[in-house]
Colleague: 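Structure in structure tokens, see below.
Computed from a predicted model, the values in this text were never measured in an experiment.
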Amino acid sequence: MFEQFDALLLARIQFAFTVSFHFVFPSFSIGLASYLAVLEGLWLKTGKQVYLDLFKYWIKIFAIAFAMGVVSGIVMSYQFGTNWSVFSDRAGPVIGPLMAYEVLTAFFLEAGFLGVMLFGMNKVGKKLHFFATLMVAIGTLVSATWILSVNSWMQTPVGFEMGANGQFLPGPSWWDIVFNPSFPIRLAHTVTASYLVVAFVVGAVAAWHLLKDRANIHARKMFSMAMWMAALVAPLQIFLGDLHGLNTLEHQPQKVMAMEGHYDSHPNGAPLILFGIPNSEEKRVDYAIEIPKASSLILKHDLNAPMDGLDTIPDDEEPPVGIVFWSFRIMVGIGFAMLGLGIWGLFARWRKGLYEWTWLHRAAIVMGPSGFVAVIAGWITTEVGRQPYVIYGLMRTSEAASPLDAPAVAASLLAFVLIYFAVFGAGVWYILRLMSKTPETGEVGAMRGDVGPIRTAGITPGPAQNREEI
Amino acid sequence: MDLTVIWAFIIAFAVFAYVVMDGFDLGIGILFPTFGVGRGRDRAMNSIAPVWDGNETWLVLGGGGLMAAFPLAYAVILPATYPLIIAMLLGLVFRGVAFEYRWRDPNHRAFWDAAFTGGSFVAAMAQGMTLGALLQGIEVADRSYAGSWFDWFTPYTLLCGLGTVAGYALLGATWLIWKLDGEGQVHARQLALRAAVATILLMGAVSLYNIFLNAEYADRWLTAPEIYFAAPVPILTGLIAFSMIQAIRKDRNSKPFWLAIALFFFGMAGLGFTMWPYVVPPGITIWDAAAPERSQIFMLIGVAITMPLIIGYTAWAYWVFRGKVDDEGYH
């Protein structure tokens, strides 16, 4: 079935597949680790059982999501070498150290404290346990920082010198490389996205249980927290997204042209194309519904500002317009839907209907997975939008691949697809099953074992005593 | 000492830390079917549940560190051993998720137990064969792998793979002597004894094979003056092997485990001595593959600051879960 593909295309599909699958888990666990830290902090501060119960409810889900993130992440750290060896050789001196720092400052921190976080509360006491939870949460954020610095450097490469052997070598300042032009805003946009992902997952789980029993105090607490996050963070994210777009316009104009569907230059103000079907052969957007001059207004803050189109770019430097155009609209559409739900939640809270309005709860359930869709759509926008380059403007994706034959890449791709769907499908199923259980007082933590002599130090009362504890 | 040499030792340290630490939990995976369903397996699994993730992080450091410090080596070795690396990664996927899934899905626990064992075995075998493929030499042209599809599949690499499986099983079994008591410990002792014999025989076989593998390796081990540095390695290895077997028979705590680690240490020291100064034999030395000085210095600062902390909190995490699994009963 793969005869018509070449090794390069297969390697690209393999990377897109493994990285998309992988990123679903960290985008969830970054936000969830922070949520767990907040829950445990609130429990320590207020002593209220409901926070401890929620902490234990979500830590079981976290354990599964984290394990899936770890194993799919190890694949990524080797994928650079297995499938993109030329890229690794040439860019290794610059991006390798950043990834090494990610391992040293983040992965070890997360992994080192995860065991205590999951299983150690009875061994180390509340305060140290909270410290472990904080370290895991901080670790996820530090990890995001480094890997987004790497990605951003590939999008907006600065601070390097070219070696005689074709390698990208670090220049005198690592600061320039780490804090490259697109990094700070990309980090803010991505971490905020992760918080939104978790807010909407938590909101959906809460809404599900509210529909079954609107008096459930755990569901009420979760729903309230989630709706606050939606109301506060969704508008923040739209603002950050706008800044990110302006940054991209400055540094990667082709990407914005593709996002906007601007095949032609517009010397007197560019229209905002809301919908349409990009037709790259005819170089126009068919059936376009557009608002005149609105694109210039958004991107240049001036109705009549001239905007260049893809007609100013040589054909072999254009990104694929259709994918970028659509994925961008999916992301933005979800962003505004999130804002809508957040406002609805505020309104419901004001009218004392937050726990009563079943249509709000149903909408929250529908929106539960939307964060993941938006995150993946956003990454597709930025990654496909920088094509045909792997290091923007300097190294083409087509020059980066390993010297492998198509059947080898095809076989590994097939193995990844089959195994990922089976293994991670099972994991998602287990997570959904945990989510469908009603959170209760005396919630059991990351239970380990239904056997053996049980010994708990009795920090938590209740039915947890006959099971293993966090 | 120049930075490239320092970095070679740092990467070697990361690989050694990985091999020892993930070695014992992969070993437990390999030995898992010999433990009885229920309490036996649960205790074996629980002895590593809090630490396996940290152990595996050393693999990411080894891979990421290699890319950062010796990018050319990373770019040559991984395509050359492509099927092995993919098999290892997929094996690690199965055994990694099994830690969680087997508790979440009692109806399919037998399946996830099998995935734990199968994944551990495949990962161990693939790692050993990768090492073998590296030692037997990789064909390189124009900064890229230039060999053919199945260069990594030879009797020698199979021998290395089996040696690694046996060695990991030895580490796992000696870890369980330490962490279990009663029947579980008796069982671990029997396993450790068999694994020890297999490991020693396979180590010997690989060592002899190395000498016939290429003339340079033979020169290194068999001619003066190198032989004066080389000779103590097999002698010390033999002494350690002897006292380890004694300890496996009698000791109730950690002694067999530490001696197994020492055995691995000398095994790896021997391999390092064989390869030096090549990072990809027969053509690429560590200096050919090294990252520029600016990368080396930047990372060295990071290692100098973080490594003591990492070792510190990792040791603390092990300390928290110290003692026999049942006595302390963290599960």
Side-chain angles (χ1 to χ4, degrees), chain A residues 63-64 67-68 70-72 74-75 77-78 80-82 85-86 88-89 92-94 96-97 99-105 107-108 111-116 118-120 123-124 163 165 167 169-170 174 402-405 408 412 415 419 423 426-427 430 447-449 451-455 468, chain B residues 38-39 42-43 46 49-51 53-54 56-57 59-61 63-65 67-69 71-72 74-79 82-83 85-86 89-90 92-94 96-97 99-101 103-105 143-145 149 291-292 294-295 298-299 302-303 306-307 310 313-314 317 320-321 326 329-331:
Chain A
I64 298 179
M68 292 195 285
V70 167
V71 295
S72 61
I74 293 174
V75 171
S77 72
Y78 281 82
F80 292 104
T82 52
S85 63
V86 178
S88 302
D89 177 32
V94 173
M99 297 210 271
Y101 265 92
E102 184 186 15
V103 182
L104 292 168
T105 59
F107 291 163
F108 276 113
F113 286 97
L114 182 73
V116 174
L118 293 179
F119 314 119
K123 301 216 143 226
V124 300
N165 55 10
Q167 282 185 318
L169 306 177
W174 281 96
S402 297
L404 294 167
D405 294 314
S412 63
I419 290 173
V423 170
Y430 297 145
M447 182 187 73
R448 275 297 173 280
V451 291
I454 304 304
R455 185 206 63 88
E468 291 303 321
Chain B
R39 192 157 175 268
D42 293 352
R43 287 168 76 203
N46 284 341
V51 294
D53 188 13
E56 202 159 290
T57 306
L59 179 66
V60 188
L61 183 64
M67 177 180 178
L72 180 59
Y74 180 82
V76 166
I77 296 169
L78 298 197
Y82 188 75
I85 301 291
I86 301 288
L89 294 171
L90 292 173
L92 292 176
V93 166
F94 274 108
V97 298
F99 279 99
E100 283 300 318
Y101 290 6
W103 298 113
R104 293 287 151 226
D105 193 0
R143 299 178 77 84
S144 280
Y145 175 56
W149 283 30
R294 278 175 182 154
S295 306
F298 179 57
M299 286 189 293
V303 169
T306 59
M307 198 45 75
I310 290 168
Y313 60 66
T314 302
V320 167
F321 297 101
D326 273 357
Y330 47 84
H331 293 301

Colleague: Which atoms of B/Leu61 come close to chain A, meaning under 4.5 Å heavy atom to heavy atom: side chain ones, backbone ones, both, or neither?
Modeller: both

Colleague: Among B/Gly64, B/Gly65, B/Ala317, B/Pro71, which residue has the highest count of heavy-atom pairs closer than 4.5 Å to chain A?
Modeller: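 That would be B/Pro71.
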
Colleague: Can you name the nearest heavy-atom pair linking A/Tyr430 to A/Ile64, along with the distance?
Modeller: CB-CD1, 3.9 Å

Colleague: Output the option from A/Val103, A/Thr105, A/Val70, A/Val86 having the highest count of non-hydrogen pairs under 4.5 Å with chain B.
Modeller: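 Going by pairs under 4.5 Å, I would pick A/Val103.
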
Colleague: Count the heavy-atom pairs under 4.5 Å between each of B/Met67, B/Met299, B/Met307, B/Arg294 and chain A, then report the option with the highest count.
Modeller: B/Arg294

Colleague: Could you tell me if the ring centre of B/Tyr313 sits under 6.0 Å from that of A/Phe108?
Modeller: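 Ring centroids of B/Tyr313 and A/Phe108 are no less than 6.0 Å from each other.
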
Colleague: Might you point out which heavy atoms bring A/Ile74 and B/Glu56 nearest each other, and give the distance in Å?
Modeller: CD1-OE2, 2.8 Å

Colleague: Counting only heavy atoms closer than 4.5 Å, note whether A/Phe113 contacts chain B via side chain, backbone, both or neither.
Modeller: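 Side chain of A/Phe113 only, per the 4.5 Å heavy-atom cut-off to chain B.
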
Colleague: Which heavy atom of B/Ser295 sits nearest to which heavy atom of A/Pro93, and what is that distance?
Modeller: OG-O, 2.7 Å

Colleague: Go through the atoms of A/Leu404 and report whether side chain, backbone, both or neither lie under 4.5 Å from a heavy atom of chain B.
Modeller: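 The side chain, not the backbone.
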
Colleague: Under 3.5 Å, is there a donor-acceptor pair between the side chain of A/Glu102 and the main chain of A/Phe107?
Modeller: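 Not a single qualifying donor-acceptor pair exists.
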
Colleague: By the definition side chain to side chain contact (heavy atoms under 4.5 Å, CB included), identify the one residue from B/Val97, B/Leu92, B/Asp53 that meets it with A/Val71.
Modeller: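 Between A/Val71 and the candidates, side chain to side chain contact (heavy atoms under 4.5 Å, CB included) is satisfied uniquely by B/Val97.
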
Colleague: Name the option with the most non-hydrogen atom pairs under 4.5 Å to chain B; the candidates are A/Pro170, A/Ser88, A/Gly163.
Modeller: A/Pro170

Colleague: Could you tell me which of B/Ile85, B/Thr314, B/Val60 has the largest number of non-hydrogen atom pairs under 4.5 Å with chain A?
Modeller: B/Val60

Colleague: Side chain, backbone, both or neither: which part of A/Val423 has a non-hydrogen atom closer than 4.5 Å to chain B?
Modeller: both

Colleague: With only heavy atoms counted, which part of B/Leu72 is less than 4.5 Å from chain A, the side chain, the backbone, both or neither?
Modeller: both

Colleague: Which residue out of B/Ala291, B/Gly54, B/Gly96, B/Pro79 racks up the most heavy-atom pairs below 4.5 Å with chain A?
Modeller: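 Between B/Ala291, B/Gly54, B/Gly96, B/Pro79, the count favours B/Pro79.
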
Colleague: Sub-3.5 Å donor-acceptor pair from the side chain of A/Ser402 to the main-chain atoms of A/Thr82, do we have one?
Modeller: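 At least one qualifying donor-acceptor pair exists.
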
Colleague: Are any side-chain N or O atoms of B/Tyr74 and backbone N or O atoms of B/Ala68, one a donor and one an acceptor, separated by less than 3.5 Å?
Modeller: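 Side chain of B/Tyr74 to backbone of B/Ala68, a donor-acceptor pair under 3.5 Å: no, none is there.
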
Colleague: For chain B, find which of A/Ala408, A/Gly112, A/Ser72 contributes the most heavy-atom pairs closer than 4.5 angstrom.
Modeller: A/Ala408

Colleague: Can you tell me which portion of B/Val303 sits under 4.5 Å from chain A's heavy atoms? Options are side chain, backbone, both or neither.
Modeller: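 Both parts, backbone and side chain.
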
Colleague: Counting only heavy atoms closer than 4.5 Å, note whether A/Val124 contacts chain B via side chain, backbone, both or neither.
Modeller: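 Answer is side chain: those atoms of A/Val124 sit under 4.5 Å from chain B.
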
Colleague: Please look at B/Leu90 and chain A and tell me whether the side chain, the backbone, both or neither of the residue comes under 4.5 angstrom of a heavy atom of that chain.
Modeller: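 Just its side chain gets close to chain A.
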
Colleague: Between A/Trp174 and B/Phe298, what is the ring plane arrangement, given parallel below 30°, perpendicular above 60°, and tilted in between?
Modeller: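 Parallel, since the angle between the ring planes stays under 30°.
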
Colleague: Under a 4.5 Å heavy-atom cut-off, does chain A meet the side chain of B/Thr57, its backbone, both or neither?
Modeller: both

Colleague: Identify the two heavy atoms, one from A/Ala67 and one from B/Glu100, that lie closest to each other, and give their separation to 0.1 Å.
Modeller: CB-CG, 4.0 Å

Colleague: Heavy-atom cut-off 4.5 Å, strictly under: side chain, backbone, both or neither for A/Leu114 against chain B?
Modeller: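 The answer is the side chain of A/Leu114.
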
Colleague: Name the region of B/Val93, side chain, backbone, both or neither, that has any atom closer than 4.5 Å to a heavy atom of chain A.
Modeller: both

Colleague: Hydrogens and angles aside, do A/Ser85 and B/Tyr145 bring a side-chain donor and acceptor to less than 3.5 Å of each other?
Modeller: no

